[in-house]
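This report concerns only the one structure given below.
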There are 2 protein chains.
Amino acid sequence: MLSITSLTSADGQLCPVRRVLSGVVGKWQSLILLSLEDEPQRFSAIKRLIGDITQRVLTENLRDLERDGYVTRTVSDGSPVEVHYALTALGREFLDLFKPLIGWAVQRRADIEENRAAYDRKRAD
Amino acid sequence: MLSITSLTSADGQLCPVRRVLSGVVGKWQSLILLSLEDEPQRFSAIKRLIGDITQRVLTENLRDLERDGYVTRTVSDGSPVEVHYALTALGREFLDLFKPLIGWAVQRRADIEENRAAYDRKRAD
DNA sequence: CAGTATCCTTTACGATACTG
DNA sequence: CAGTATCGTAAAGGATACTG
């Protein structure tokens with residue numbers, strides 16, 4: 001049963017399942033995982049692929065993703081160092097479920113924008 | 001092609017596709033849509049089903065969901081008024097793609113919590 | 001009942017400078 | 001190169017009181 005009761009919590013904390021989801025569907029996390037889909041990438045490559053993310057925020061998000069087990073972090077000794085990030089099986093599992101959602105957003109984007117515009121036109125009267 | 005390039009933007013704005021996703025995978029939106037899955041609900045029923053959401057935030061989120069076309073809002077004349085919210089086809093489409101993600105989070109939750117704990121143990125040395 | 005209105009706090013994020 | 005450290009801002013959300 002995937003009812004809403006499995007996601008609600010009385011106290012001020014997110015229930016564990018919501019905490020899992022919020023750790024991965026946020027503004028940056030899914031984008032970072034997507035940047036690793038084809039092959040492992042170095043820190044600077046991820047940053048370049050995403051474009052509009054600051055170093056600080058990327059570091060922060062990568063740490064959280066590593067902590068939860070979505071990516072691995074590998075440091076090669078040398079100077080300057082190279083740090084490679086790669087998807088784990090868990091990260092790939094998530095991506096496989098999330099990508100259909102991206103496809104849907106691409107398909108439906110125009111409809112949603114039209115809905116929004118229509119709603120705003122009505123309210124403007 | 002569902003590459004990352006379809007989601008990145010050079011300027012400070014979210015690209016349109018990311019804007020769509022951010023409007024629906026946030027902290028409350030998916031939960032609200034889930035509360036409407038079986039049948040339309042009144043405002044107070046949604047609030048009760050979710051539990052930890054304030055009236056202000058629920059109102060705000062419902063408006064945005066209505067604006068984008070995920071839910072309809074129907075006011076019955078009477079006193080006091082009854083307001084019913086219901087899923088649209090668009091809202092249902094989203095839920096159909098999002099629910100597998102919830103199922104996955106339920107399955108994987110324990111693993112992820114263990115990853116987190118293991119990571120924190122390492123860092124504690 | 002279904003909201004508004006106000007105020008306040010927290011969290012995420014951006015910008016920038018610095019470092020092994 | 002891959003971060004850390006600091007500072008500042010803006011948006012989301014919580015608490016509470018009020019209303020047609």
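Just so we're on the same page: letters track the sequence lines, and every chain starts at 1. Both backbone and side-chain heavy atoms feed into the values below; hydrogens, waters and symmetry mates do not.
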Check whether any side-chain N or O of [X] sits under 4.0 Å from OP1 or OP2 of [N], and answer yes or no.
X       : N      : answer
B/Lys27 : D/dG14 : yes
A/Tyr85 : D/dG3  : yes
A/Arg48 : D/dC1  : no
B/Ser44 : C/dA2  : yes

Closest to side chain of [X], choosing from [options]:
X       : options               : result
A/Arg73 : D/dG3, D/dG13, C/dG14 : D/dG3
A/Gln55 : C/dC1, D/dG3, D/dA15  : D/dG3
B/Val83 : D/dT4, C/dC13, C/dA2  : C/dA2
B/Arg63 : C/dT4, D/dA2, C/dG14  : C/dT4

D/dG20 - base-pair partner by Watson-Crick or wobble geometry, distances under 3.5 Å
C/dC1

Using whole Å, what does the distance between atom [atom2] of nucleotide [N] and atom [atom1] of [X] come to?
X       : N      : atom1 : atom2 : value
A/Gln41 : D/dA2  : CD    : P     : 11 Å
A/Lys47 : D/dT4  : NZ    : P     : 15 Å
B/Leu58 : D/dG14 : CG    : C1'   : 14 Å
A/Glu60 : C/dG14 : CD    : P     : 10 Å

Contact class for A/Arg56 vs. all strands (heavy atom < 4.0 Å): base, sugar-phosphate, or nothing?
base

Candidate pair A/Ile46 and A/Leu62, rule side-chain contact (heavy atoms from CB on, under 4.5 Å), full reasoning
CA-CA 10 Å; A/Ile46 301 172; A/Leu62 279 169; 4.3 Å; yes

dist B/Leu34:CG -> B/Phe94:CZ (nearest 0.5 Å) comes out at 9.0 Å

Mind checking whether A/Trp28 and A/Leu95 sit in one hydrophobic cluster, side chains of I, L, V, M, F, W, Y counted as touching below 4.5 Å?
yes

If hydrophobic clusters are built by linking Ile, Leu, Val, Met, Phe, Trp and Tyr wherever their side-chain heavy atoms come under 4.5 Å apart, do A/Leu21 and B/Val57 end up in the same one?
yes

For a salt bridge (charged side-chain N to carboxylate O under 4.0 Å, His left out) with B/Glu114, tell me which candidate from B/Arg108, B/Arg121, B/Arg109 qualifies.
B/Arg121

